[in-house]
Structure formats: C-alpha cells, structure tokens
Amino acid sequence: MTPLSKDNDDLSSYGEWFISAIDDNVKTSNRNTRATLSPAAIRTIKAHIPSQNKIIAPVPRKQMQIQKLQQYQQQQMDYLNQSRSITVKDTTSKEEKFMADDNRTTITTTACYNKKPIEDTPPIEYISDDELAEMCTNMDASGFIIRLVGVYKNSEVFNRIKDIETGQLSLDNRIKNNLRNCIDPCKFILYTLEALSSYFSENQHNKSLSSKFRRGLCHSICAGLASYLHMPLEQRHPPLEPEEPDLISFNEEAVEDNQTINTSEVNLISFDEELNETSKKEKKKNEEEEGEEEEEEDEEDEEDEEPVITLSQIHKLPSDIISRYTLNRDHQLYLINMMNTVPPIIIYYAMNAFKLHNIISAGNELEEEGVKLVNLLFEHSHFGEASSCIKKLGLYHHFPAIPTAEKLFAKDQGHFLAEIYKSMPELELQLLSFIDNQLSFNYAGELEVVPKEKFANYSNNTSQLLRLKDRRFQRDLVACATKLIEDLGLPAEQNEYFFISLSKQYARLRWILNQRAFQQMEEGDYSLESSSNYNGLLEAICSDNPELIKLCIKELVDMGDEIAAEHFATLYHQQDFYTKYISLPFEDRLLGTVKGEQRSYHRPSPTPKRQPNDAGVAYYVLPPTVQWMMVDTQSSLKRMKDILRRSKLCGLDSEWVPNFAQSGVTKTALMQIASDVGGFIFLLDLKTIFSSENTDLYNLTEDILKSLFEDPNILKLAFDFSGDLSLLHSSMPSSCQWQMSNLLDLKQVRNVKTGGLSGLIQSFLGVSLNKKQRMSNWEKRPLSEEQQIYAGKSILFIQLSIILIIY
C-alpha cells in the first residue's frame, strides 16, 4: 500500500473508520494483514470535509448528496491519471447507493503499481460528525447503537480502530463533542446503554457480538459522558438564541395616569363631592397602613431567611438549561433502576460517569442498591468487577472475609481476595487464619506426618472447601496467602501459619522430585549417583524440617523410587516412618482427612516439551592445563590475589542455590574467576566466607574483588552477568559502590540468535555445554567433581573472547 503523504495528515474528526469483515473467499493467511487506508479512501474523506475558506450556501439534502458523489467521481478520475491506477467496484447506481445509505460511503479499491496487482483493501465505513450530531439531536439511541455495531463489527476490529484513533478522532471524544446537541445528554446516554443491552440480547446468535465487544462500546460511551460532564457548564449546551424584544409593553406611568383619569371620570358622575373626598382619604389611609404592615413583615422575613444562590444565578443561565445539561439525581435513579433490565456489567462501567458512589456506597441512603449490584456481578461471573465494587463502595460489612473467600475459592477466583481486603489488616489476618485452617486438613490423617500437637489451635468444626483435594487448588490457597503476607509486611516464612508454610515447601519438594524423575527417564539411569544434582537440592530443602523429610520419603515411595526413599530415610534417621509407610496398604496411605486425596503418579511421564538428549552429543571438556583452587582460607586468598595482579584477562561467573530450594535469603554461594596466567580457575567459596565467624576472610575478599573489578588493566569477561552482579550487590553491599571498569558481557558483543551460552559454544566451539549441575546445591561442601567441572566454564569466556575477536 502507498504510505500516507504529508498532505493527508490533516484529517478532521469526520472519519470514524471501520475495516469490514474479510470476505470468506479470501485465504486465511490474509486475515492478519494490517489494515491501512488507501489513497482513494483519503481522498474520499477530504471530499466530505467542507472547506473552511468558503461559505457554502445551504442546499437541499438530495442535491448535497449528488454534489458529494460528483466530487468523489472527480477525485477518482484525477487519481486514474497518476502512475497508480484505482478501479472502483460498484454494482448499483452510485446515486441510489448514496440515497439508500444515508450519506455513508463504501469503497473497494484495487491498486496497481508497475502492473503488479496488490490485494483489495477492505471496504471502509464511518460515521460523520453531521450524522452523529443528528442522532444526538433526535435522541436516537437505537440508531446510534446500530451504527456503532455496523462500523466496529466486533471486539477485534474495535481494538484495532481504537489504536488508530487518537485525540480528537477517538470515539469517546467525538461523543463528548456532540452530546451538547442532545436535549438531555445524560438521559441520551442512559437510553443508549439500554439500547446497547437490548441489541446484544436480541442478537445473541451473532458470535461477533461478544461480551468483550459490548464492554468496549460501553466503556467508550461512558467515557464520552464523563469527559462531557468535566467540561465547563457554559460549553455543554448549544449557543442560546438571543431574547426577542417584547413588542407589547406597558408604561407604568401611563397606567397610573389612566387610573387617575378613570378615577376622575368616576368622580364626575358622583353626586356627593364631600362624601367622595372623605371616602378617598379613608381609602388612602387604609392603603398606607396596610403597606406599612406588609413592609414590616417583609423585613422580618428577610431577616429570618438566608440568601440562596442557585447555579442559574452563578452561571447566568436559565434554570431549565442547568437541569438538562448537568447530572442530577433523576439520572442516577434511572441508572439504578436499570439494574433490573440490563446486565450489571453495564451499570458497573457507567457507575463512575454517573457518580453512583455518592449514593450507593457504604453509609449512603441507597447502600442496599450497591450491595445488590455486587451480588448481581457475582451471579454473572464478573468477579473482578464485583471485587472492585466492594472496595470502591466500602461494602466490607456486607461481604465478610470468610463467606466471600468461600464464594470466590469455590469459583476458582480466590486471587481477588488479596486485592479486595488490601490494607485491611484485621480482615487479612482473618483470611490467613482461614486458609491456614483449610490447609491443615491435608495433613491431619492417621499417617501423622505432622505431630498432633500442631493441630491444637485448629478447629475441626470448620467445613472443608469442596476442591481442597486438588493440588492445584491448594496452590491457589498458598498463592493468596503469600500475597496477604506480603501486604501485611510479615516474614515470608511464618511459624504462626504453619500449614501455609508447609504447603508452600511441599509444593517445591514435589516439583524437585518430578524434575528428578524426568532427568532419570531421559538418561535411562535411575541410580542415586546420576541424580546427585537434585539429591543435593532435596537435602537443602529438607534439612532441619522433619515434616518435609517424611513427605519426601512418602513421595519417593509413591513414585516407585524405593532406593532413594530408603537412602533419605537412613540419612535423616527416619527408618521407622519408612518401614511403617511401605507396610501400609495403598488405600491406607492417606496424608490428610480430605476425601479423594490426590497422590503423586508412579514414575511420571515426561511432558511433550521435554526432549531427550542425543546419545552421541559431545560436551565441552576443560583444557588439560587447568589448575583448580578452592579459595576458602587466608593463604588461598593471598595466592589468588597474587595471580590476579599479573592477569590481563579474567573470566567471571557465579552460582547460587535456587530460590525454591531454600527458605532464607538467597546469596551468592560460589564465584568462579578464571585467569590467563597459568590456566588457574579459582572457586571462591563465598558461602564459607560470608559466615559470621569469618570476618577476616570477608574483609580480605572484599578488598581483592574491589581491586579486580575496578582495575582498568584487566579485561573482565562474562556472559549475561547482570543477574550475577545484582545478587553480589545484595550479598556484599559494599560492591554497590565499586566503580566497575573494563567489564565486558559477551552477550552484548554480538547480536546472534544462538540460544544463550550453550548456543554460543555450539556455534563457535562445535560442542555442547552440560548444564546438568546448574540446578544443584551449590552450598553443599565439598563440591562434587561434576560441580567443579561445570564451575570451570568461566575459562570458556577467555577462549570465546579470542575466537570472537578473530571471527
């Protein structure tokens, strides 16, 4: 398609564009083609925009449409004369088409350049500002909805057009600008929302009319009203017509003279002049007395009453204008009554625009209507909106924490609880106790993995949640509890909520065991030695936790790995539990009291995403000249310092225990530093050095690393080192102040899609990197031989840097 030129950038708000549905005959591959506007479409827009420099005389509607058609034809002829050709496809008379479509235009073009055909652009429709103003003037809500649906079609097209339309061209902005033409703008929006609901309910068979599409239209319509109500009152109504002079007026002096004349005439026919004069004096005296009394009463009333200033007086506008072009209580009550006839989600999205929170929130006169709205949202499965309503309207006493939690967890929507009761400490603590109590049922069986004294503070009368047997549901409970603990600022591992902490660790344990089983199947080796990496992680997560040790033995037996189960039972002195468990019948091996308890599979099958390693793969082997040195003493630190002073190239890497395998704060456990001097690879044992009794070692290590990272004469090489550096900063806070010099991250050197470090090694060295030990217990001492080999990959960075320079 031809790009839009600078001449076409000054589009007015006349065009609200829609890219029509793709024809069924078009190939599927073309459905994702990005919609663009052809030059013909741009010219059509300009043809419908009146010139600002000319005064156009009013013409009849039919004649105006014919003029527009002629302008459109002329533009097409001009365009045909250019190097690009445009073919206009139309099967009916264009005059009839303009009359039938009511000032709407549908254009289909086929563009060619150098005789190379380009696919047809989709038809384009729009709602002109004149048409929108006419619908607002006539309060034609149904017609407005029909036109909106006809233009936007479905949620996908709506979102695409919304991304294109910005500023003055956006739908909500155009609605805002045209609401001033309505007799009552707020009531027009109310009618429009009713029409929107009716149209979608009457056309439920149309799959394009999804709830997402309805929500988008509703949001834009209400956003337009909200923007309109934020405008100054003087700009919300059309210009007022000047008052016509009163052609019939009466002169008060003339009236008085006339009354005098009439009185004189009456006196002329009076026969008793003295009586007439006396009557006149008495009458005048009575009138004066009555006038004085009225003046005294008016003065008293004025003293009692305070002056009232109305909006009409402030804005100097008629009271009927004020009532029609402002939001009033009648509009709010109308919207509330719509709850009985329209989906509650429409009320929710209109709530802010109509300021319903002023009358239906907690403590207001129509509080029960707010409760009704929340319940309706729950019934229609709008859980997010219902949760938001509870928080916005402050209806916590109508929706207590525990019953609401039961309702949301039953619908698999418990993740909204943390948001509803955020910053409500009492309610959050209630939820934590409730979740902890529910999770306790999973460990309350006769197996006694958890001692009975742990259940002393828990109620057995609490009803179990229906889906408690599902491990995925248990994970949702733990996730909700974790968010609540974070919001309350409590420590991550809470002894007070024992079963929440135990369930979190149990889920981690099962994940490690599953990964261990997958690795065994891929390698075809079920020995303990082949799983040394995951065995180390099991030791890290189970250490000093007798409940987790028993759970580990139980899971290994359930998965069919009795060799490993017996090994860990012996390692942690749990032979009695192991013997008891394997002697029980399968149906009696119940961990908790939950009916239908879910258990681990026997030898789980690998997922489709996991591919077994090739049998003949060649792994990277360290050069024979490599010299290992474990650095964890004063003498080894000084030896490392001496070697690094003479180095010109250094490779850097670090290792740590994964977060899920430990309960405390994660710290760097090992730093590998490879030197170009003598092929040394230093394994800096930070786990030992960070120990509180090794202050001298820590201070010396700090000085050595600071000198290394700040030395501009030593080129430090690493790969994707940002995460390593961040963890080093948290483990050794003083490192944040170091002035890093000459540190090169090889990941940033070349923008080659090689699949990380392994792909880089495969590309330039022709071998793979065995990353089996990456997921292992790096805090366990001594390190295994496989861990040392994997840690030696820091020497790779020196080799790769030389190859990359040559390459």
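As a basis for the values below, the full set of heavy atoms in this structure was taken, side chains included, without hydrogen atoms, waters or symmetry mates.
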Would you please name every residue forming a salt bridge (charged side-chain N to carboxylate O under 4.0 Å, His left out) with Asp576, sequence neighbours left out? none

Partner residues of Glu448 under the salt bridge (charged side-chain N to carboxylate O under 4.0 Å, His left out) criterion, sequence neighbours left out: Lys452

Please identify which of these residues, Gln519, Lys772, Glu786, Gln515, meets the side chain to side chain donor-acceptor pair (under 3.5 Å) condition with Asn533. Gln519

Across all chains, not counting sequence neighbours, the salt bridge (charged side-chain N to carboxylate O under 4.0 Å, His left out) partners of Arg467 are Asp412, Asp470

Could you check if a side-chain atom of Leu708 sits within less than 4.5 angstrom of a side-chain atom of Cys650, using non-hydrogen atoms only? yes

Looking only at atom types and distance, does a side-chain atom of Ser531 sit under 3.5 Å from a main-chain N or O of Leu528, one as donor and one as acceptor? no

Nearest 0.5 Å please: distance from the CZ atom of Phe434 over to the CD atom of Gln438. 4.5 Å

Quiz question: by atom type and distance under 3.5 Å, do the side chains of Ser503 and Tyr443 form a donor-acceptor pair? yes

Are side-chain heavy atoms of Arg510 and Glu555 found at a separation under 4.5 Å? yes

Derivation and outcome, salt bridge (Lys or Arg N to Asp or Glu O under 4.0 Å), residues Lys716 and Asp711: CA-CA 9 Å; Lys716 278 77 66 177; Asp711 193 337; 5.9 Å; no

Closer than 4.0 angstrom, basic N to acidic O: yes or no for Arg472 and Asp476? no

Using side-chain heavy atoms (C-beta onward) and a distance below 4.5 Å, is Trp656 in contact with Lys667? no

Decide if the gap between the ring center of Tyr421 and the ring center of Phe416 is smaller than 6.0 angstrom. no

Taken to the nearest 0.5 Å, the spacing of Leu488 CG from Leu432 CG works out to 6.0 Å

Between Tyr619 and Leu769, is any pair of side-chain heavy atoms under 4.5 Å apart? no

Say you draw a straight line from CG of Leu705 to CG of Leu684; how long is it, rounded to the nearest 0.5 Å? 6.0 Å

Are side-chain heavy atoms of Ile673 and Met640 found at a separation under 4.5 Å? yes

Verdict with reasoning, Tyr526 to Met521, per side chain to side chain contact (heavy atoms under 4.5 Å, CB included): CA-CA 8 Å; Tyr526 296 93; Met521 283 186 293; 3.5 Å; yes

Summary of ring-ring contact (aromatic ring centres under 6.0 Å, His included) pairs that have at least one residue in residues 692-718, sequence neighbours excluded: Phe690-Tyr698, Phe709-Trp738

Are the charged groups of Lys648 and Asp676 less than 4.0 angstrom apart, N to O? no

Is the closest side-chain donor-acceptor distance between Tyr534 and Asn777 under 3.5 Å? no

Main-chain N/O of Ser784 paired with Gln787 side-chain donor or acceptor, under 3.5 Å: yes

Using a strict threshold of under 4.0 Å (side-chain N to carboxylate O), is an ion pair present between Asp642 and Lys638? no

Intermediate values then yes/no, side chain to side chain contact (heavy atoms under 4.5 Å, CB included), Tyr572 and Ile553: CA-CA 10 Å; Tyr572 292 107; Ile553 295 170; over 6 Å; no

Do other residues, nucleotides or ligands put more than 12 heavy atoms under 6.0 Å from Lys422 NZ? no

May I ask you to establish whether Lys793 and Tyr620 are in a cation-pi arrangement, using a distance under 6.0 Å from NZ or CZ to the six-membered ring centre and at most 45° from the ring axis? no

So which pairs with a foot in residues 528-548 pass salt bridge (Lys or Arg N to Asp or Glu O under 4.0 Å), sequence neighbours left out? Glu539-Lys780

Might you work through the side chain to side chain contact (heavy atoms under 4.5 Å, CB included) test for Arg599 and Arg589, ending with a clear yes or no? CA-CA 10 Å; Arg599 306 185 195 185; Arg589 297 177 180 179; 4.1 Å; yes

I'd like to know if the side chain of Glu597 and the backbone of Leu590 have a donor-acceptor N/O pair within less than 3.5 Å. no

Side chain to side chain contact (heavy atoms under 4.5 Å, CB included) evaluation trace for Asn742 with Leu744: CA-CA 6 Å; Asn742 212 5; Leu744 178 62; 6.0 Å; no

How long is the straight-line distance from CD1 of Ile435 back to CD1 of Ile485, given to the nearest 0.5 Å? 8.5 Å

With a sphere of 6.0 Å drawn around CD of Glu446, does it hold more than 12 non-hydrogen atoms of other residues, nucleotides or ligands? no

Could you go step by step and tell me if Phe441 and Phe499 meet the ring-ring contact (aromatic ring centres under 6.0 Å, His included) rule? CA-CA 9 Å; Phe441 292 117; Phe499 291 102; 9.5 Å; no

Quick one about Asn659 and Thr666 (side-chain donor to acceptor, distance below 3.5 Å, no hydrogens or angles considered), yes or no? yes

Show the nearest heavy-atom pair for residues Gln788 and Trp628, with the distance to one decimal. O-CH2, 2.7 Å

Which pairs pass salt bridge (Lys or Arg N to Asp or Glu O under 4.0 Å) with one or both residues in residues 433-443, sequence neighbours excluded? none

Just checking, any donor-acceptor pair under 3.5 angstrom between side chains of Thr688 and Ser691? no

When you measure from the centre of the six-membered ring of Tyr578, is the NZ or CZ of Lys580 under 6.0 Å away and within 45° of the axis? no

With a 4.5 Å heavy-atom cut-off, do Leu556 and Asp558 have their side chains touching? no

Inter-residue atom distance Leu591.CG - Leu551.CG, 0.5 Å rounding: 6.0 Å

Check whether any side-chain heavy atom of Leu477 sits under 4.5 Å from a side-chain heavy atom of Leu468, and report yes or no. yes

Any chance the side chains of Gln520 and Ser530 put a donor and an acceptor closer than 3.5 Å? no

Lys NZ or Arg CZ of Arg508 over Tyr506 ring: under 6.0 Å, within 45°: no

Decide yes or no on salt bridge (Lys or Arg N to Asp or Glu O under 4.0 Å) for Lys706 and Glu702, but give the supporting numbers first. CA-CA 6 Å; Lys706 183 176 185 295; Glu702 192 176 35; over 6 Å; no

Ile563 CD1: over 12 foreign heavy atoms closer than 6.0 Å: no

Let me confirm one number: the CD1-CG distance from Ile789 to Asn770, rounded to the nearest 0.5 Å. 9.0 Å

Side chain to side chain, Leu490 and Leu484, heavy atoms closer than 4.5 Å: no

Determine whether the aromatic ring centres of Phe680 and Phe682 lie less than 6.0 Å apart. yes

Would you sort out whether Tyr497 and Asn437 count as a side chain to side chain donor-acceptor pair (under 3.5 Å), showing the intermediate values? CA-CA 9 Å; Tyr497 304 104; Asn437 200 356; over 6 Å; no

Donor-acceptor side-chain pairing of Glu655 and Gln672 below 3.5 angstrom: yes

If you count every heavy atom of other residues, nucleotides or ligands that lies below 6.0 Å from Glu693 atom CD, does the total exceed 12? yes

